[in-house]
Amino acid sequence: MLVARYSAVAHRTAALLGAGHEAEDVVQEAFVKAFRHLAGFRRDAAFKPWLLRIVANETHTMTRSRGRRAELVLKAGAEPDLRVPEDPEGAAIATDRRARLLAAVRALPDRERRAVVCRYFLQLSEAETAEVLGWPVGSVKSRTFRGLARLRKEVGGELS
């Protein structure tokens with residue numbers, strides 16, 4: 001039941017934090033580790049942040065062992081929409097804006113990228129982000145603030 005409920009968000013987390021094409025392996029290893037350590041899970045805590053912290057740690061371990069910074073890959077988790085858009089020009093502009101935003105996010109320093117991804121792409125609260133990344137809440141706030149400032153400077157006017 002837990003795998004069915006959380007595998008999509010775990011996969012998205014791994015991909016956004018840099019696992020790229022190895023996200024599936026990271027998620028599988030994270031679920032195995034979560035199962036092995038389930039006895040140590042605090043019953044009063046939320047499961048999702050605990051699992052996503054394991055995913056984040058596994059992603060970090062995998063990218064570090066690879067010896068290079070992994071490329072971000074967004075995976076929608078749904079079938080692509082093959083319908084012809086009603087407004088092709090608007091759809092093209094939206095696709096271009098999305099691509100520029102993702103490129104700017106990829107260019108952020110690692111810690112700022114992780115904070116921004118957790119807060120805005122995964123829609124985690126500051127407390128959940130702190131738990132997932134193993135940082136104090138103040139670090140999450142400052143790194144998110146700096147990351148957003150860099151993004152505004154890079155693409156702010158283009159995306160408004």
Side-chain angles (χ1 to χ4, degrees), residues 1-80 97-155 159:
M1 181 176 86
L2 292 174
V3 172
R5 178 179 284 170
Y6 295 107
S7 63
V9 71
H11 193 278
R12 224 175 18 255
T13 301
L16 288 168
L17 292 179
H21 66 281
E22 295 174 294
E24 192 67 38
D25 294 335
V26 167
V27 170
Q28 184 175 356
E29 186 62 29
F31 274 112
V32 168
K33 284 190 177 183
F35 178 74
R36 286 184 187 150
H37 297 93
L38 202 53
F41 174 67
R42 290 188 349 252
R43 301 287 179 204
D44 62 330
F47 182 78
K48 181 179 173 183
W50 182 71
L51 174 67
L52 294 184
R53 180 166 187 181
I54 296 171
V55 171
N57 289 340
E58 283 301 307
T59 302
H60 180 70
T61 300
M62 185 269 309
T63 55
R64 188 181 60 216
S65 70
R66 235 181 1 205
R68 61 181 170 81
R69 190 170 180 181
E71 185 175 313
L72 281 174
V73 177
L74 280 178
K75 195 164 194 170
E79 293 295 315
R97 286 179 176 170
R98 225 178 354 260
R100 280 188 265 166
L101 176 61
L102 290 176
V105 170
R106 286 185 191 111
L108 289 174
D110 185 56
R111 291 176 185 232
E112 292 174 15
R113 179 177 48 87
R114 286 175 169 231
V116 169
V117 163
C118 286
R119 289 286 289 126
Y120 296 98
F121 285 81
L122 300 175
Q123 298 178 340
L124 299 177
S125 69
E126 288 175 344
E128 290 172 327
T129 299
E131 190 173 335
V132 166
L133 298 176
W135 299 342
V137 174
S139 296
V140 169
K141 289 180 179 184
S142 64
R143 290 171 181 157
T144 302
F145 178 81
R146 284 194 304 266
L148 291 176
R150 287 180 200 257
L151 289 174
R152 276 188 209 99
K153 183 177 177 184
E154 184 69 28
V155 294
L159 297 177

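Computed from a predicted structure; not experimentally measured.
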Would you indicate whether the side-chain heavy atoms of [Y] and [X] approach each other to under 4.5 Å?
X    : Y    : answer
F47  : L38  : yes
P109 : R150 : yes
E154 : L108 : no
L2   : F35  : no

Contact summary for [X] and [Y], nearest pair of heavy atoms:
X    : Y    : result
A45  : F41  : O-CZ, 3.3 Å
P49  : E128 : CG-CG, 3.7 Å
A10  : L51  : CB-CD2, 4.5 Å
R143 : E112 : O-CG, 3.7 Å
A130 : P136 : CB-C, 4.2 Å

Quiz item: Please walk me through it: do Y6 and T13 pass side chain to side chain contact (heavy atoms under 4.5 Å, CB included)?
Solution: CA-CA 11 Å; Y6 295 107; T13 301; over 6 Å; no

How far does [atom1] of [X] sit from [atom2] of [Y], to the nearest 0.5 angstrom?
X    : Y   : atom1 : atom2 : value
R106 : L16 : CZ    : CG    : 10.0 Å
C118 : L17 : SG    : CG    : 5.0 Å
Q28  : S7  : CD    : OG    : 11.5 Å

Quiz prompt | Passing candidate, side chain to side chain contact (heavy atoms under 4.5 Å, CB included) with T129, options V137, V117, V140, V116 | solution =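 The option that passes is V140.
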
Quiz prompt | Chi angles and distances behind the side chain to side chain contact (heavy atoms under 4.5 Å, CB included) call for R114, H60 | solution = CA-CA 11 Å; R114 286 175 169 231; H60 180 70; 3.2 Å; yes

Quiz item: After noting the C-alpha distance and the side-chain angles of E58 and V55, does the key distance pass the side chain to side chain contact (heavy atoms under 4.5 Å, CB included) rule?
Solution: CA-CA 5 Å; E58 283 301 307; V55 171; 5.8 Å; no

Practice problem: Any chance you could lay out the side chain to side chain contact (heavy atoms under 4.5 Å, CB included) test for K48 and L124, step after step, and finish with the verdict? | Solution: CA-CA 10 Å; K48 181 179 173 183; L124 299 177; 3.8 Å; yes

